[in-house]
Number of protein chains: 2
Amino acid sequence: METTLSSSAKQSVAVPEPTVRRLPTYLNIIKNLQQAEHTYVSAPTLARILRLDPTQVTKDLSYTGVIGKTRVGYQISELVEALEDFLGFNRKHEAFLVGAGYLGSALIQYQGFRESGMRIVAAFDIDKNKIGTDIAGVPVFHLEKFRDLTERLHITIGIITTPPSAAQNVADLMIGWGIKAIWNFAPIGLKVPEHIILQDTHIYANLAVILNKLDHTALK
Amino acid sequence: METTLSSSAKQSVAVPEPTVRRLPTYLNIIKNLQQAEHTYVSAPTLARILRLDPTQVTKDLSYTGVIGKTRVGYQISELVEALEDFLGFNRKHEAFLVGAGYLGSALIQYQGFRESGMRIVAAFDIDKNKIGTDIAGVPVFHLEKFRDLTERLHITIGIITTPPSAAQNVADLMIGWGIKAIWNFAPIGLKVPEHIILQDTHIYANLAVILNKLDHTALK
DNA sequence: CTTAAATACAGAAAAATTTCTTTAATAAAA
DNA sequence: TTTTATTAAAGAAATTTTTCTGTATTTAAG
Ligand SMILES: NC(=O)c1ccc[n+]([C@@H]2O[C@H](COP(=O)([O-])OP(=O)(O)OC[C@H]3O[C@@H](n4cnc5c(N)ncnc54)[C@H](O)[C@@H]3O)[C@@H](O)[C@H]2O)c1
Ligand SMILES: NC(=O)c1ccc[n+]([C@@H]2O[C@H](COP(=O)([O-])OP(=O)(O)OC[C@H]3O[C@@H](n4cnc5c(N)ncnc54)[C@H](O)[C@@H]3O)[C@@H](O)[C@H]2O)c1
């Protein structure tokens with residue numbers, strides 16, 4: 001699966017999705033290095049930290065357009081900027097979240113998303129006990145309020161953290177009010193039109209990988 | 001990346017990791033169908049729901065050893081059992097969670113893991129306000145208690161939901177007390193010995209994919 | 001009873017992704 | 001200064017994963 005890079009240099013280059021998934025991890029690490037006063041980082045260094053092939057890191061980073069220095073690596077400040085630009089982390093992305101339960105609350109208060117440029121500006125629920133409260137400064141409204149707000153604000157991302165039974169309805173609502181991308185955490189196959197970007201995050205997929213490896217290594 | 005299937009039939013067949021990641025999603029869907037009184041499901045049906053290639057679903061399901069019926073599909077009860085067996089969901093896996101904050105609490109109270117055979121039996125924290133309380137019936141202990149308990153119970157999985165700064169220490173502790181697999185949610189590259197199964201779940205990887213697609217489609 | 005449509009499945013092909021190889025550059029060590 | 005070691009980068013090769021093709025089967029329709 002591929003996506004495209006739209007650099008300031010006008011051309012559009014296909015970028016593998018696995019690369020897109022690894023890039024924010026690189027960004028995170030080099031930001032930590034930056035805070036520790038490092039100015040350069042090499043691909044082999046990143047590779048050791050993440051147990052990846054060094055040439056894979058090089059190839060991934062090459063999509064940012066940053067040129068590394070032989071025997072030194074990449075200049076961190078330049079790389080941070082290029083990665084943030086490529087990933088869209090330095091643009092503002094406003095999001096709505098529906099389903100202010102345990103997982104929803106965790107996502108709302110999570111400060112890490114700020115660094116990704118995504119800001120959850122409002123949450124919605126149908127539980128009377130939650131409506132009117134706020135979570136880490138983010139107000140929780142009744143789902144009905146949804147319409148007015150999307151029209152006034154420019155919300156591109158809708159996050160679904162309701163029970164699976166409510167998820168399709170919520171998705172339909174979101175689509176109706178012009179949201180462009182849906183980030184769904186409910187374990188259900190949502191039906192959405194072609195033009196809507198749908199990202200399912202099924203946490204149990206990771207668990208399955210763990211259990212499988214456990215079973216596998218138990219035999220040896 | 002591959003993993004192996006250890007079926008009751010003694011042989012061991014390599015299973016692609018992408019397949020392992022899709023299997024629990026199939027399981028989830030067919031369990032829903034089962035509740036709706038369906039008795040058979042076909043690969044094209046699953047493929048439509050998940051927007052996958054039908055032959056890919058067929059290939060994935062073939063690893064379970066279940067034989068489908070032409071023009072009808074797979075028998076749901078048989079498939080559920082085979083998937084649960086393959087994924088290890090019908091075996092008991094006990095887990096400890098360290099870092100009973102927002103995300104930790106969400107994972108602890110999440111009932112969905114029960115269906116995967118994983119049970120979080122205790123949580124640990126260093127925050128005095130949390131120690132001594134319980135979350136959905138799961139007690140929160142001081143991190144010090146960790147040792148005694150791992151020795152008495154048979155804990156195979158350690159879940160890390162502490163801030164990144166504490167994660168490496170927690171991981172070292174977990175390894176010291178004999179845990180086999182670490183499921184890490186902190187955005188940091190953990191150093192663990194070869195024999196430890198490490199699964200990082202970096203939620204922002206999914207966000208990166210969304211933002212990238214948003215940028216991409218905005219240009220068209 | 002015959003035909004048509006839908007499906008599973010195996011194998012081949014294609015596509016995507018990762019890893020390997022080579023080269024050139026350059027910083028650090030001798 | 002010369003040598004050595006480390007690295008980036010480009011391209012080739014290998015591997016992995018997905019998609020395509022063809023065949024057989026079987027249910028349902030005509
Ligand atoms: N908690 C986890 O760790 C976890 C992990 C993986 C997946 N999930 C999934 O995420 C979703 C949320 O999980 P949770 O643990 O936070 O559950 P939760 O019950 O704590 O939260 C669900 C929230 O959605 C609200 N809600 C219900 N129907 C609604 C509707 N029609 N419109 C708006 N809001 C509605 C509820 O009032 C509640 O506040 C579930 O689908 C769950 O399967 C959760
Ligand atoms: N909340 C999210 O949606 C989200 C998303 C992605 C990643 N994460 C990551 O998950 C982790 C937890 O996030 P959170 O939002 O739940 O944060 P949180 O602050 O709510 O929870 C962290 C918990 O860890 C405890 N803790 C701190 N140091 C500890 C130690 N040494 N030993 C044991 N416990 C300790 C704290 O007391 C707190 O209860 C962070 O690393 C965060 O980056 C969170």
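Lettering of chains follows the sequences in order, A, B, ..., and the numbering in each one begins at 1. Computed from a prediction, not measured in an experiment: that's the story for all the values here.
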Rounded to the nearest Å, what distance is computed from the [atom1] atom of residue [X] to the [atom2] atom of nucleotide [N]?
X	N	atom1	atom2	answer
Glu17(B)	dT17(C)	CD	C1'	14 Å
Tyr40(A)	dA27(C)	OH	C1'	12 Å
Asp60(A)	dA16(C)	CG	P	17 Å
Leu52(B)	dT19(D)	CG	P	8 Å
Gln75(A)	dT7(D)	CD	P	18 Å
Leu61(A)	dA9(D)	CG	C1'	12 Å
Leu23(B)	dT17(D)	CG	C1'	14 Å
Gln56(A)	dA13(D)	CD	C1'	15 Å

Candidate pair Phe185(B) and Leu97(B), rule side-chain contact (heavy atoms from CB on, under 4.5 Å), full reasoning: CA-CA 11 Å; Phe185(B) 288 83; Leu97(B) 180 144; over 6 Å; no

For Arg119(B), enumerate each residue passing the salt bridge (Lys or Arg N to Asp or Glu O under 4.0 Å) test, keeping only those at least two apart in sequence or located in another chain.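 Expected list: Glu94(B).
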
Which residues pass the salt bridge (Lys or Arg N to Asp or Glu O under 4.0 Å) test with Glu115(B), not counting sequence neighbours?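 Testing Glu115(B) for salt bridge (Lys or Arg N to Asp or Glu O under 4.0 Å), a comparison that skips the adjacent residues, returns Lys31(B).
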
Report yes if a side-chain nitrogen or oxygen of Arg22(A) is closer than 4.0 Å to either non-bridging phosphate oxygen (OP1 or OP2) of dT18(C); otherwise report no.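 The answer is yes; a side-chain N or O of Arg22(A) sits under 4.0 Å from OP1 or OP2.
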
Compute whether any side-chain donor of one residue and acceptor of the other, for Asp172(B) and Gln168(B), lie under 3.5 angstrom apart.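 Indeed, the side chains of Asp172(B) and Gln168(B) share at least one donor-acceptor pair under 3.5 Å.
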
Whether each nucleotide of nucleotides 6-15 of chain C has a protein heavy atom under 4.0 Å at its base (B), only at its sugar-phosphate (S) or at neither (-) is summarised, 5' to 3', as BBSB-BB---

Test item: Asn28(B) side-chain N/O and Pro187(A) main-chain N/O as donor-acceptor pair under 3.5 Å: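 Flag set: sc Asn28(B) to bb Pro187(A) pair under 3.5 Å.
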
Can you name the closest pair of heavy atoms from Ala82(B) and Val66(B) and give their distance?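 Residues Ala82(B) and Val66(B), closest heavy atoms: CB-CG2, 3.3 Å.
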
